[in-house]
Amino acid sequence: MNWLVELVLFILLLTTAVLALSVRDLLAAAAAATAFTFTMALLFVSMGAIDVGFTEAVVGAGIVGVYFIAAVFQTSRRTRD
Amino acid sequence: MIEFLHSYYAYWAIILLLVIGLYGMLVKTNLMKKVIGMIIFQNAIILLFVAAAFKWDATVPVLDPAYPSEDPVNYLNPLPHTLMLTAIVVGVAIVGVAFALLIAIYRNYGTLEEPVLMERMRSE
Amino acid sequence: MLLLFTGLLVYATIHLPARGDPEAPMHRKENVVGDPVAGAYFIGNAYRDAATPNMVTVILADYRSVDTLGEVIVVFTAGVCCLLILRRRMYD
Amino acid sequence: MPLTETYSSSLPFWAVAVSLLAVPAILWSARKPNLREFWTLLAAAIKFGLVLALLPGAKEGRVAEFVLLEIAEGIELSLRADAFGMFFALIASGLWILTSFYSIGYMRGHHEKKQTRYFASFAVSLSATIGIAFSGNLLTFIIFYELLTLATYPLVIHSENREAIRAGRQYLAYALTAGLLMVAGAAWIYGTTGTLDFTPGGILEEGMLSAGGMRILFFMLMIGVGVKGGIMPLHSWLPNAMVAPTPVSALLHAVAVVKSGVFGVVRMAGFVFGPDVMAAYDLNTILAVFAGFTIIVASVIALRQENLKRRLAYSTVAHLSYIAMGAALLNSEGFTGGMLHISTHATMKITLFFCAGAIIVHAHKENVSDLDGLGRAMPWTFAAFTIGAMGLTGVPPVNGFLSKWFLCLGSIEAGQWLVLGVFLVSGLLNAAYLFPVVYRGFFRSSDKFRKLGEASPFMVVPLCATAVLSVVFCLFPNLFFGLFDLATAAVEGIMKAS
Amino acid sequence: MEAWVHLAVAILLPAFFGALVAVIFPARWRNAPWVTAVITSGLAFAASVAGLVYTASRGEVRYYLGGWEPPMGIELVMDPLSAFFCAVVTGMAFFVFIHGKTVVPRETPGKEAAFYSTALLLVGGLLGIVLTGDLFNLYVFLEISSLAGYALVAIGDRRAPFSAFRYLILGTIGASFYLLGVAFIAMETGSFNMGDVARVVPALGDSAPATVGLILIVFGIGLKMALFPMHGWLSDAYTYATSTSTAIIAPIGTKVAAYVLLRGCFYMFDPDFVREGIPLTTIIGYLGAVGIIWGSVLAIAQSDLKRMLAFSSVSQVGYIALGVGLASPLGMIGAVLHTLNHAVMKACLFLVNTNILSRFGHTDIRRFDRTFRIRMPWTMAAFTLAAISMIGLPPTAGFFSKWYLVLGSWENANYVFLGVILVSSLLNVVYFFRVLEKIYLRTDGEPYDEKNEREDAAVEREESPASMLFPTVFLAASLLVLGLANAFIVTYFIRPMIPSGL
Amino acid sequence: MTNPSESVIIVVVSRALARLIQLFGIYVIIHGHYSPGGGFQGGALLAAGVLLLRMTEGGRASQSEVSTEAAIPLAAVGALIFAGAGLVTLAFGGHYMDYGAVPVPGVEEPVVRYYGILLVEFGIGLAVMTALVAIFDDMVAPDPYGNAVDAAGDRAGTPPKL
């Protein structure tokens, strides 16, 4: 059971990673990256690392997400690749 | 064989993530995408540590009277967890500085596309 | 180059101890040459040493507090760095 | 001949250091020429005195040794005033006094610029030269050798025009490459034998290296010293460096630099490789071939030079190889001749350069064909020139005869008839390129110089002094501080040990 | 417990406390950050020198932070090797900080506190890398120093942020590779403590993950060290940063990476294994050799002094890598000695660069002329001495590290390295004498005449202020001292640090 | 990003939410001994609360929370609390960061460590919060040099090149 959750999370992780790198809209990429970090946090928790998962969720997804959006707003949203 | 896959597939998924992240950092030309690649890369390494700390049939490393603490088999290894806390924060710090640099670059050159940037730098 | 990197890592991982194996070097009580291994020690002694049930907290702030000090300083560094890069003056 | 024994003394160190210590004083008194030149002369006098003070000991075979510090792991920065080093140091420090006087006259007479830099570099060069003479091991030798390169660079580029700078670059390129090869060679020797101390009879022994390795090592070291020693085909910096002021040419190309080079050749032959090894691996033949080639070809080139200083420069190239040839003969006469030639050539060539300098400063002539009749205007200068020319040719009353005599003896002793031939032919060539100058000066009449008198006494006195020295030295080889005895003592050391 | 044991932590702490305190001062105390930086780095320097002497006479110090013995806690290891590197790092920092008194307020106006804080963090991070005995702790300090380095590189001209960003990406790859390598080693040995790892690895026999871990560490650190072909970030980063930033990063940044290389290859792992099992050191050595030539050739092609010095750094790092690649005592002596020498030389040269920049406003070699010598005689004398040392002429320090490397190359019968060292010296001659000629000589081809003399006499001396001049000249003079005292340094400080397996 | 939001609802709700987040943050710091959490997580939550205010109320109005200028010195103070705790232990003759070396009468060593950890966690929390806020403030601040270049590569304020 547990490993099934893990597998799903891994697949989600890979999907969001590829998505974050391939999307042309940087804001969407930021969202995908945040989703990636959040999935990562879930994965940590499923592996029993609750502290790490919590930190990843707060710091990784929260703060980095905000920074990401701030940075995108300060620069440009479009990208060529 | 299934046993083997079961034991190791997480590592390979992590390697895949590492490669994706490295690809993003090295091949993508948009600087923001490079930062995303960096995030993926760092998180994959963190995941590797966390995966290494994993033990079957063990509980989270918070002392629970139900499990005797004398036998390490009962608890997950807390050491990599602690280290990864540090690594996450370090990662955030790097990403923060990277964004600051991106903003500075954008102010100076008005673009984050590496080829355009190189061209504008050369034309100075 | 990426392929080389992948090959190297796969080569290393298939020789690693299986994931979740409680007998992996990292989880054992003693290593090959008979020295204690940190992980098992932490599990066994964290509460005794600092009266705190959360082992991660104990390691974070006591056993390996210098790591954490370094980590705080990293965050501080990042703050000062952003200031240095983006702000014109420290104080207006 | 007493056995050599060493005693500790700081005299060699002070002999090296005194002119270095004069440098700050010279720089400090840049605005006061008289004071500045006083420092130069003072340092020269003290230096000579210090070297003289070492002489009695050296004659008795007692070697003053001074270990400054450990310069690299296992290797000391040691100064040893052995007979051979003393011989060279005596010549260099003695002639520095004369050159200093002459420099003052020349630089002032020629209104040269940047005299402070000139005198400072000069002082450093002398330090380095004495350091080379007293070096107790190969690494110390290299250190002073590189120092000499650096110190003479400002002298070569002194006039700062295009050709001077080009000559300076060429000089650096040659000398530094040479230095590097020596460093590599020294490392090799150190790796093989574990020591770099100069030992009479050689550090290396037969069988330590393969024949090929020994030859490569020999080439590395010989290229190292040969560049400064002007052995063909490594000589080409030397004539180009003639753009320097004439006292520099005199000192560089008669005493300090080039002599350091050939001094190094003899050091390598006698104290690093040793006659036995040289003979065993045919290294002497290699050296002899290059030296003989240089003697003949350089003489022929000298014949074709129109510029007086360049002609003298090529003559220097040829004569330096006499010394190398002497070392290549590997017998005591050969070594003696080579060593003596260091001193005799020094006095003779310095005389000739002084004369050339006096002519340039006073009559503003550089080319041989312009000298017609100048001898009557400047009789002292030309008389000195004649003596020098006779000496280089090997005519008896001048000291060149002495060294050539020993060299010829050595080649007969070694049964090298070809070498003897080389010496004789080159004697003729010497005559052919030097006597036309004398002939033009005295016997071609020209009205150009009727009103021109003799040059300034600052220049004439030194050049006459060196000329007289040349003659007296031949007649009484031991009169001057027992130079001859020193040379024979040094040679005996080498031959006995092998 | 002996009080001297605390030396280890006394080296590490002042820099961090200084960094934290420097930003707290109110804005009107304008000199306070500078004073803090000088005092703290001076304290750290004094402590390092004391530590150096202590370790030389009494052996290594292991300091258990938090009182926890390894592998539970983190230990600081002050052995001859780390004490030596600490002394180099703090010494250079001390002199560069003194030098910054008038330059930094001009180059980063209003942000002196942030600048000094960042620079102290850089120094502290590097000291942490050198002192720590824990692999993960090393990563943390590595990131502290890297972050500070990125920020220092990012201030400068318009192009600086981009070069800093490239540095950041490559630096993060390097650090991440390091962490990845640590992960493999830790998973295989069960410990993050270097001493433990050193004991366990031989017992494991042939362990693929540990080997791959070492390779990853070496690769990651090679990036940080700017080892050829991973040197791309260095030249731009050094060129576009402010001159004091470069002066603080260039002498010590890459050296500490070299330290990690030494630590990893010769202390943590069995040198024999590293040398022969996987020909890792050989590869490092050859990369270093290529880097020496490549850096020198590119340095010749530069027309800007700072950029030229940056490329020369690539080449000089190559020497250190070459010494590591020899994997012999002599090679190690050469590498360590060259670390010291090159740190002093590069610090001196970059300070000269700063002096020139702050006086003339440019460092374009093509626009140098002979008046420079008259205007700034002491600075130019320092430059000359440092240049001679860079070329490697005796009796300056640069010669002797090359001497040991040459000896080591002969010993290993590695003629390629030998040739590279010799050729690169000549290349150094080319690019340094080109500058020296410009500074000292008239180069328009006409002879020096009365007119020039009058012109020269009219030029006023405009030497830098004493706070800038003193460190420059002192470092230059110490090159001579280091050269003459090298045997002493080798015997007392470097010999004891050579690991027994080498 | 730092202009006040136009919707009153957003402002009011976010203010309440921010307080809630900050409260939770403090709880996380204190309760880190028993459950996941600690200085970092708590600090990051505190910072998240401030950032929320920064984004909704606007950069200026939320200065009273953590002012931009004070952020870095406060972060330094937080780190100093941490590092200073180590110095205190040094002063009592222990190793650096050895909380157990501090003799507190009537309290056992593990408990001293307990409170040592708590003190340190507060330092961490303060440092992390202020530093994260400072980074955000620097990122969203307008270009202080006023020489920004637009996307076409031209300097703002100067007429575009023809």
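Note that this is a predicted model, so its numbers are computed, not measured. Order of the sequence lines fixes the chain letters, A, B, ..., with proteins taken first and strands second; residue numbering starts at 1 for each chain.
- Most heavy-atom pairs under 4.5 Å with chain C: of the set Gly32(F), Ala79(F), Ala134(F), this distinction falls to Gly32(F).
- Asp138(F) places no side-chain N or O within donor-acceptor distance of the main-chain N or O of Arg87(C), the cut-off being under 3.5 Å.
- The pair Arg54(F)-Asp137(F) counts as a salt bridge, with a side-chain nitrogen and a carboxylate oxygen less than 4.0 angstrom apart.
- Both the backbone and the side chain of Val80(C) come within less than 4.5 Å of a heavy atom in chain F.
- For the set Leu69(C), Val75(C), Val66(C), Leu86(C), the count of heavy-atom pairs under 4.5 angstrom toward chain F peaks at Leu69(C).
- Residue contact with chain C, scored on non-hydrogen atoms closer than 4.5 Å, involves the side chain of Tyr99(F) exclusively.
- Using a 4.5 Å cut-off between heavy atoms, Ala76(F) touches chain C through backbone and side chain atoms alike.
- Taking CE of Met139(F) as the reference point, atom CD1 of Ile85(C) lies at 11.0 Å (rounded to 0.5 Å).
- Put simply, of Gly38(F), Gly116(F), Ser35(F), the one with the most heavy-atom pairs under 4.5 Å next to chain C is Ser35(F).
- Just one residue in the list Ile29(F), Val128(F), Leu51(F) forms a side chain to side chain contact (heavy atoms under 4.5 Å, CB included) with Leu46(F), and that residue is Ile29(F).
- Proximity to chain F (any heavy atom under 4.5 Å) is shown, for Thr77(C), by neither the backbone nor the side chain.
- When all heavy atoms of Asp62(C) and Ala50(C) are compared, the closest pair comes out as OD2-CB, 4.3 Å.
- Relative orientation of the Tyr114(F) and His33(F) rings is tilted, given thresholds of 30° and 60° on the angle between their planes.
- Looking only at distances, a side-chain donor or acceptor of Thr68(C) sits under 3.5 Å from a matching main-chain atom of Leu60(C).
- Chain C forms the most heavy-atom pairs under 4.5 Å with one residue out of Ile124(F), Leu132(F), Val112(F), and that residue is Ile124(F).
- Residue contact with chain C, scored on non-hydrogen atoms closer than 4.5 Å, involves the backbone and the side chain of Thr68(F) alike.
- Contacts between residues 18-27 of chain F and chain C, defined by a heavy-atom separation under 4.5 Å, are made by no residue at all.
- At a 4.5 Å heavy-atom cutoff, Tyr115(F) makes no contact with chain C through either its backbone or its side chain.
- Distance check, rounded to the nearest 0.5 Å: CZ of Arg113(F) to OG1 of Thr52(C) gives 10.5 Å.
- Judged by distance alone, the side chain of Thr89(F) and the main-chain N or O of His95(F) form a donor-acceptor pair under 3.5 Å.
- With a threshold of 4.5 angstrom between heavy atoms, Glu121(F) approaches chain C through side-chain atoms but not through N, CA, C or O.
- When atom types are taken as modelled, the side chain of Thr6(C) and the backbone of Leu2(C) share a donor-acceptor pair closer than 3.5 angstrom.
- Contact annotation: the side chain of Phe136(F) approaches that of Met55(F) to within less than 4.5 Å [non-hydrogen atoms, C-beta and beyond].
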